[in-house]
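To start, the structure itself, in structure tokens.
Here the structure is a predicted model, which is why all the values come from computation and not from measurement.
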Amino acid sequence: HIETKVKAALNIAQQYLIEGAVKPFVIFYPTDNDQDIAVKLRDNVKHLGGELVAVDRLQTALSYLLGEQYDGDLANRFEPFKGLESFNFEDRFRFFGRDNALKKLISEYESSEGLLVVTGISGAGKSSIVKAGLLPHIQDNTLANVKFNYKIISLKQQSLEELLLSLVKFLLPEKKEEETLNQLVLNIIQDFEQGCIQLTQRISTQNENRTVLFLDQYENIFNLSGIPQTHITAFGMLLDKLAKSIPSLSIIITIRSEYLHLLGAVGKDSHVSQQLSPDEWHEIVLKQAIIFGLSYEDNLVNTIVTDASR
């Protein structure tokens with residue numbers, strides 16, 4: 001019904017038109033409806049001096065109207081609350097309430113020699129604390145003259161070959177020969193020991209770049225069809241061996257607790273608890289709003305925190 005709504009807005013605008021106004025009126029509509037407004041209707045708006053502007057968010061409309069006077073979300077990149085989505089690297093500035101858990105994770109990361117295995121139940125915040133907490137910490141503590149590189153791979157429907165190829169391409173960015181990389185992946189799958197030796201030899205241990213590989217939702221590897229358990233076990237051993245063999249490389253995985261026994265005895269475990277104290281809840285609810293210029297009615301934060309804690 002987008003055309004009906006535009007026509008209704010046009011009728012209202014006509015009643016209040018001010019002759020000579022530079023921008024008599026603006027009609028905002030959802031970007032998804034961009035192809036649903038006929039040319040004739042667009043011409044009618046233009047004839048009256050108005051504008052049709054497609055937007056994705058209210059903040060975009062406010063920024064368009066107010067220009068430099070708009071003091072809200074200028075980049076139009078972020079929503080005030082993440083909901084059930086995990087926090088990403090760029091969300092570090094609004095990642096609150098996990099200070100104690102993050103300190104524990106950083107300590108365990110710094111004491112790990114190989115693969116860091118971050119465990120916890122579903123929804124505990126494993127992905128968020130790595131992406132918005134640990135990775136920014138590693139970047140902040142990387143020397144100014146050292147380049148920081150990271151790659152996040154979410155294990156969804158990839159095959160083992162695709163996972164290995166993504167890993168090899170990331171670790172060997174200067175190697176452009178696709179056939180060579182594919183052959184290296186096949187060598188690793190066919191002979192773990194020799195394939196691992198070939199890969200580590202190709203990666204310069206003199207590389208001073210700080211490199212982090214993060215494999216998220218690692219439990220999905222056990223649900224991929226057609227992959228023998230021996231190959232899955234070998235892949236975990238490969239990750240652990242790579243992290244131990246290459247000083248500039250850190251490898252981190254997140255895995256749900258109930259799958260940990262399938263991983264085998266590799267890496268250092270770090271458990272993320274789903275429990276939050278009332279103070280941590282309070283910080284999450286309050287500070288995420290404040291950073292976007294939002295405020296709460298009196299006692300509303302305490303009400304939300306009490307309900308969430310229960």
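Formation of a donor-acceptor pair under 3.5 Å by the Asp216 side chain with backbone atoms of Ser127 is not found in this model. Looking only at distances, a side-chain donor or acceptor of Thr254 sits under 3.5 Å from a matching main-chain atom of Gln217. Distance alone, capped at 3.5 Å, places no donor-acceptor pair between the Thr119 side chain and the Ser257 backbone. Distance alone, capped at 3.5 Å, is enough to place a donor-acceptor pair between the Ser111 side chain and the Ser107 backbone. Asp240 places no side-chain N or O within 3.5 Å of a backbone atom of Val266 that could act as its donor or acceptor partner. Under the 3.5 Å distance criterion, the side-chain polar atoms of Thr31 are matched with a main-chain donor or acceptor of Val55.
Between Gly114 and Lys244 the shortest heavy-atom distance is CA-CG, 3.6 Å. The nearest pair of heavy atoms linking Pro30 to Ile2 is CD-CD1, 4.2 Å. The two residues Ser273 and Arg98 make their nearest non-hydrogen contact at O-NH2, 3.0 Å. For the residue pair Leu263 and Phe222, the shortest heavy atom distance occurs at N-CZ, 3.9 Å. The nearest pair of heavy atoms linking Gln139 to Arg92 is OE1-NH1, 3.7 Å. Smallest separation of non-hydrogen atoms from Ile152 and Leu135: CD1-CD1, 4.1 Å.
Taking the side chain as every heavy atom from C-beta outward, Asn149 and Lys147 approach each other to under 4.5 Å. Glu51 has its side chain out of reach of Phe25: every pair of non-hydrogen atoms, C-beta onward, lies at least 4.5 Å apart. Residues Lys268 and Glu108 have side chains in contact (heavy-atom distance under 4.5 Å, counting atoms from C-beta outward). A 4.5 Å side-chain heavy-atom check between Phe170 and Ile153 finds every atom pair outside the cut-off. Taking the side chain as every heavy atom from C-beta outward, Tyr29 and Val53 never approach each other to under 4.5 Å. Within the 4.5 Å cutoff, the side chain of Val212 has heavy atoms near those of the Ile252 side chain. Proximity of Leu48 to Pro24: side-chain heavy atoms (C-beta onward) are nowhere separated by under 4.5 Å. In this structure the side chain of Leu171 reaches within 4.5 angstrom of the side chain of Leu242, judged on heavy atoms.
Distance check, rounded to the nearest 0.5 Å: CG of Leu84 to NZ of Lys82 gives 11.5 Å. Taken to the nearest 0.5 Å, the OG atom of Ser128 stands 10.0 Å off from the CD atom of Glu85. Distance OG/Ser112 to CG/Leu105: 9.5 Å, rounded to 0.5 Å. With rounding to the nearest 0.5 angstrom, the NZ atom of Lys151 is 9.0 Å from the NZ atom of Lys169.
Every side chain to side chain contact (heavy atoms under 4.5 Å, CB included) that Thr142 has, sequence neighbours left out, goes to Ile138, Val146, Phe148, Arg210. A search for side chain to side chain contact (heavy atoms under 4.5 Å, CB included) contacts involving Asp307 returns Thr303, Arg310, not counting sequence neighbours. Under the side chain to side chain contact (heavy atoms under 4.5 Å, CB included) criterion, Glu280 pairs with Asn100, Leu276, Ser277, not counting sequence neighbours. Taking Phe95 as the reference, Phe87 meet the ring pair (Phe, Tyr, Trp, His ring centres under 6.0 Å) condition, with sequence neighbours excluded.
Criterion: ILVMFWY side-chain heavy atoms under 4.5 Å apart, direct or through other members. Under it, Leu134 and Phe96 are not part of a common hydrophobic cluster. Under the 4.5 Å side-chain heavy-atom criterion for grouping Ile, Leu, Val, Met, Phe, Trp and Tyr, Val117 is connected to Ile221 within one hydrophobic cluster. Residues Phe235 and Ile246 share a single hydrophobic cluster, defined by chaining ILVMFWY side chains whose heavy atoms lie under 4.5 Å apart. Under the 4.5 Å side-chain heavy-atom criterion for Ile, Leu, Val, Met, Phe, Trp and Tyr, Leu155 and Leu262 are members of the same hydrophobic cluster. If you chain together hydrophobic residues whose side chains sit under 4.5 Å apart, Leu238 and Leu186 never meet in one group.
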Exercise for the section: Run the numbers on Phe28 and Thr60 for side chain to side chain contact (heavy atoms under 4.5 Å, CB included), then give the verdict. Expected result: CA-CA 10 Å; Phe28 296 102; Thr60 312; over 6 Å; no
Practice task
Could you please spell out the steps behind the side chain to side chain donor-acceptor pair (under 3.5 Å) verdict for Ser250 and Tyr109?
Solution key: CA-CA 9 Å; Ser250 298; Tyr109 164 78; 2.8 Å; yes
Practice task
Tell me, with the steps shown, if Leu116 and Ile253 meet side chain to side chain contact (heavy atoms under 4.5 Å, CB included).
Solution key: CA-CA 6 Å; Leu116 180 65; Ile253 70 171; over 6 Å; no
Exercise for the section: Given side chain to side chain donor-acceptor pair (under 3.5 Å), test Gln59 with Tyr64 step by step and report yes or no. Expected result: CA-CA 9 Å; Gln59 288 90 332; Tyr64 182 88; over 6 Å; no
Please tabulate, for the side chains in residues 282-291, all donor-acceptor contacts under 3.5 angstrom to protein atoms that are two or more places apart in sequence or on a different chain.
unit_1: Glu283; atom_1: OE1; unit_2: Gly97; atom_2: N; d: 2.7
unit_1: Glu283; atom_1: OE2; unit_2: Lys287; atom_2: NZ; d: 3.2
unit_1: Gln288; atom_1: NE2; unit_2: Ile284; atom_2: O; d: 3.4

Pairs under 3.5 angstrom only: tabulate donor-acceptor contacts from the side chains of residues 3-15 to other protein residues two or more places apart or in another chain.
unit_1: Glu3; atom_1: OE2; unit_2: Ala38; atom_2: N; d: 2.7
unit_1: Asn11; atom_1: ND2; unit_2: Lys7; atom_2: O; d: 3.3

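The ring of Tyr218 has its center no closer than 6.0 angstrom to the ring center of Tyr259.
Of the N and O atoms on the side chains of Asn141 and His137, at least one donor lies less than 3.5 Å from an acceptor on the other residue. Checked by atom type, the side-chain pair Lys131/Ser86 shows a donor-acceptor distance below 3.5 Å.
Lys104 has no carboxylate O lying under 4.0 Å from a charged side-chain N of Asp99, or vice versa, which leaves the two without a salt bridge. Ionic pairing of Arg94 and Asp91 is present here: one or more N-O contacts between side-chain nitrogen and carboxylate oxygen are shorter than 4.0 angstrom.
When the shell of 6.0 Å around CD of Glu258 is examined, it contains more than 12 heavy atoms from other residues, nucleotides or ligands.
Results of the side chain to side chain contact (heavy atoms under 4.5 Å, CB included) test with Leu115 over Asp269, Ile251, Leu213, Leu215 single out Ile251 as the only residue that passes.
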